[in-house]
J.: 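Shown below is the structure under consideration.
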2 protein chains.
Amino acid sequence: MTRIMPVVRWEPDAAGRLRAAAMELYVERGFEQTTVAEIALRAGLTARTFFRHFADKREVLFGGSAALFDEVMRAVEQAPAGAAPMQVVAAALDAAAGVLGQHQDYSRQRQSVINANPELQERELIKLVSLAAALADGLRRRGVPEPDASLAGEAGVVVLRVAFGRWLTEPGDLELSQAMREALDRLAVVAAR
Amino acid sequence: MTRIMPVVRWEPDAAGRLRAAAMELYVERGFEQTTVAEIALRAGLTARTFFRHFADKREVLFGGSAALFDEVMRAVEQAPAGAAPMQVVAAALDAAAGVLGQHQDYSRQRQSVINANPELQERELIKLVSLAAALADGLRRRGVPEPDASLAGEAGVVVLRVAFGRWLTEPGDLELSQAMREALDRLAVVAAR
DNA sequence: CCAGTGATGTCACTTGATGACATCACCGTA
DNA sequence: TACGGTGATGTCATCAAGTGACATCACTGG
């Protein structure tokens, strides 16, 4: 619709406007109470167009996950040749901390939206499980046998979850990478029985 | 509708008929290709009634999870007083194996439906994460401090996932509880770095 | 025999999601 | 300049998930 956008046909890109509008509404009134039509309206677009940019209403909140994924996998590939599985995982977690560790405020806001809605938690979990699978795959490619590769991959994501949760809730001066390292060490102790 | 059920008004219960009909259709033509209306039709009921028994189309496949939950939590409570966190988790996993270890055929069928559909995987994951949280909670009630309780709970579910997967795919003579124990031992080794 | 209760059906509606097709801006090129 | 192609968007139609409101019928206890 040309009439909707008066003169400057190109503000930011459509996906960006949709994402921003969606975040605003999710925070203002909650995820379920927000309609795709409303998001599109606020972005000056149409519901139909929303679905051309996002597979579904939830996906808006998970756009950044590809970057995390890439960083983690790169770290796995570049880890020193002789490293033990959990050493590789530690390197991957460090890379993850680098990606996630910025924007604590945004992370908190986003997480509070997610925590308030089971549907969104489901989506988040599937992303993390994919990450675990990818991690395990990377380890297998490095020659780590099963079930060690799977266990290490899953364990890595466990550490990520626990450390990230602590980082989000704890008063600000904790470094995410530090939290990761501590959780990793702690897991070694606990798992030993 | 009285006319639908000719004479014998009470065959099995409605929930059971709906569940059976849904499973059949999910297997026959896949989850997404199955409509709630079709499920209800096959069960001799209405779509509206389907939603009186199941929160959504997916929930049909996850009805048994409460039993698993209960068994696991009971095992946690009944573990010997001085047991280390992972000893408690081991006991819980043994209880879980007791519940899941029967009906390998049904489990396989159910899992293949789930594996074929991301939506269903999400639902399964959220159940498992709830289990991890409950496990952690049980440990905390036993006096295990954070982050050990969370880590042990999550680690327990990791072991469950890995062992269950192996049990489902491997030729039949492997005991689930055996697979659990092996995965648990292996995790201890891997996590030690 | 009747009132109450619970399970179900019917109807109407909102919302998410998708396919088909039309439209418009923009870009390169004859 | 005029033209044709391409990509992003709008419009329309439609299906399926889910929910609320209300009616109906069987069963049960008094």
Side-chain angles (χ1 to χ4, degrees), chain A residues 1-23 25-26 28-63 113 116-123 126, chain B residues 1-22 25-26 28-63 113 117-123 126:
Chain A
M1 260 321 260
T2 81
R3 276 147 284 157
I4 284 186
M5 324 203 33
V7 179
V8 197
R9 182 158 178 89
W10 279 107
E11 319 227 8
D13 65 308
R17 287 191 341 254
L18 284 166
R19 174 171 282 113
M23 274 301 294
L25 287 165
Y26 292 170
E28 279 175 27
R29 63 174 75 168
F31 175 79
E32 291 209 335
Q33 284 62 48
T34 301
T35 246
V36 173
E38 293 166 338
I39 297 171
L41 180 64
R42 184 171 294 204
L45 294 168
T46 301
R48 189 65 188 84
T49 296
F50 177 92
F51 289 109
R52 288 202 181 93
H53 288 276
F54 301 97
D56 61 54
K57 212 177 134 191
R58 294 174 288 174
E59 200 56 28
V60 176
L61 289 157
F62 299 93
V113 171
N117 190 285
E119 270 185 88
L120 293 173
Q121 292 166 40
E122 294 186 4
R123 176 60 58 94
I126 206 120
Chain B
M1 260 319 244
T2 80
R3 276 146 284 159
I4 284 183
M5 324 200 35
V7 178
V8 196
R9 183 157 180 91
W10 279 108
E11 317 225 11
D13 64 307
R17 286 192 338 257
L18 285 165
R19 191 187 310 281
L25 288 165
Y26 291 169
E28 279 175 26
R29 63 173 79 167
F31 175 79
E32 292 209 334
Q33 283 62 49
T34 301
T35 247
V36 172
E38 293 166 338
I39 298 171
L41 180 65
R42 183 171 295 203
L45 294 168
T46 302
R48 188 68 189 83
T49 295
F50 176 92
F51 289 109
R52 289 201 180 93
H53 289 275
F54 301 97
D56 60 53
K57 211 176 135 190
R58 294 173 290 174
E59 200 55 27
V60 175
L61 289 159
F62 298 94
V113 171
N117 190 286
E119 270 185 87
L120 293 172
Q121 292 166 40
E122 294 187 4
R123 176 60 58 93
I126 206 124

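As a basis for the values below, the full set of heavy atoms in this structure was taken, side chains included, without hydrogen atoms, waters or symmetry mates. Just so it is clear, the structure is predicted and the values come from calculations on it, not from any experiment. Numbers restart at 1 for each chain; the letters A, B, ... are given by sequence-line order, proteins then strands.
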J.: Using whole Å, what does the distance between atom C1' of nucleotide D/dA17 and atom CG of A/Asp56 come to?
T.: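 Whole-Å distance recorded here is 14 Å.
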J.: Taking 4.0 Å as the cut-off, does a side-chain nitrogen or oxygen of A/His53 come that near to OP1 or OP2 on D/dA8?
T.: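 Looking at the OP1 and OP2 atoms of D/dA8, neither is under 4.0 Å from any side-chain N or O of A/His53.
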J.: Is there side-chain contact between B/Ile39 and B/Thr34, with heavy atoms separated by less than 4.5 Å?
T.: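 A side-chain contact exists here, since the closest heavy-atom pair is under 4.5 Å.
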J.: Quick one, A/Phe54 and A/Lys57 - any side-chain contact, counting heavy atoms below 4.5 Å?
T.: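 Of all side-chain heavy-atom pairs linking A/Lys57 with A/Phe54, none is under 4.5 Å.
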J.: To the nearest angstrom, how far is B/Leu25 atom CG from D/dA16 atom C1'?
T.: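 The answer, rounded to whole Å, is 15 Å.
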J.: For C/dG16 and A/Thr35 - does any side-chain N or O of the residue sit under 4.0 Å from the phosphate oxygens OP1/OP2?
T.: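 Yes, because at least one side-chain N or O of A/Thr35 sits under 4.0 Å from OP1 or OP2 of C/dG16.
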J.: Figure out the CD/P separation between B/Glu32 and D/dA16, and round it to whole Å.
T.: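 After rounding, the reported distance stands at 12 Å.
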J.: Could you state the atom-to-atom distance from CD of A/Glu38 to P of C/dG16 in whole Å?
T.: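 In whole Å, C/dG16 P lies 8 Å from A/Glu38 CD.
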J.: Whole angstrom is fine here: how far is it from CD1 in B/Ile39 over to P in D/dA16?
T.: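 The answer, rounded to whole Å, is 12 Å.
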J.: I'd like to know if A/Arg52 reaches the base of D/dG7 with its side chain such that a donor and an acceptor end up less than 3.5 angstrom apart.
T.: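 No pair found.
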J.: Can you measure A/Asp13 atom CG to D/dG7 atom C1' for me and round it to whole angstrom units?
T.: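 The distance from CG of A/Asp13 to C1' of D/dG7 comes to 15 Å, rounded to the nearest Å.
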J.: Taking CZ from A/Phe50 and P from D/dA8, how many angstroms apart are they, rounded to a whole number?
T.: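 Computing the A/Phe50:CZ to D/dA8:P distance gives 17 Å.
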J.: Using side-chain heavy atoms (C-beta onward) and a distance below 4.5 Å, is A/Glu32 in contact with A/Glu119?
T.: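 Yes. Closest side-chain heavy atoms under 4.5 Å.
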J.: For a quick test of reading the model: is some side-chain N or O of B/Thr46 closer than 4.0 Å to OP1 or OP2 of C/dG9?
T.: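 Result: yes.
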J.: Can you figure out which of D/dG18, D/dG20, D/dT9 approaches the side chain of B/Arg48 most closely?
T.: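 So the nucleotide nearest the side chain must be D/dG20.
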J.: Could you tell me whether a side-chain N or O of B/Arg58 sits under 3.5 Å from a main-chain N or O of B/Leu120, the two making a donor and an acceptor?
T.: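 Judged by distance alone, no pair lies under 3.5 Å.
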J.: Could you check which of D/dT19, D/dT11, D/dA17 has an atom nearest any side-chain atom of B/Val36?
T.: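 Side chain of B/Val36 sits closest to D/dA17.
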J.: In this structure, how many angstroms lie between the P atom of D/dA8 and the CG atom of A/Leu18, rounded?
T.: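 Distance, rounded to whole Å: 13 Å.
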J.: At less than 4.0 Å, is any side-chain N or O atom of A/Thr49 found next to OP1 or OP2 of D/dA8? Yes or no.
T.: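 Looking at the OP1 and OP2 atoms of D/dA8, neither is under 4.0 Å from any side-chain N or O of A/Thr49.
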J.: Between C/dA17, D/dC12, C/dG9, which nucleotide has the shortest distance from any of its atoms to the side chain of B/Leu45?
T.: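 The nucleotide sitting nearest to the side chain is C/dG9.
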J.: Check whether any side-chain heavy atom of B/Arg123 sits under 4.5 Å from a side-chain heavy atom of B/Asp56, and report yes or no.
T.: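 In contact.
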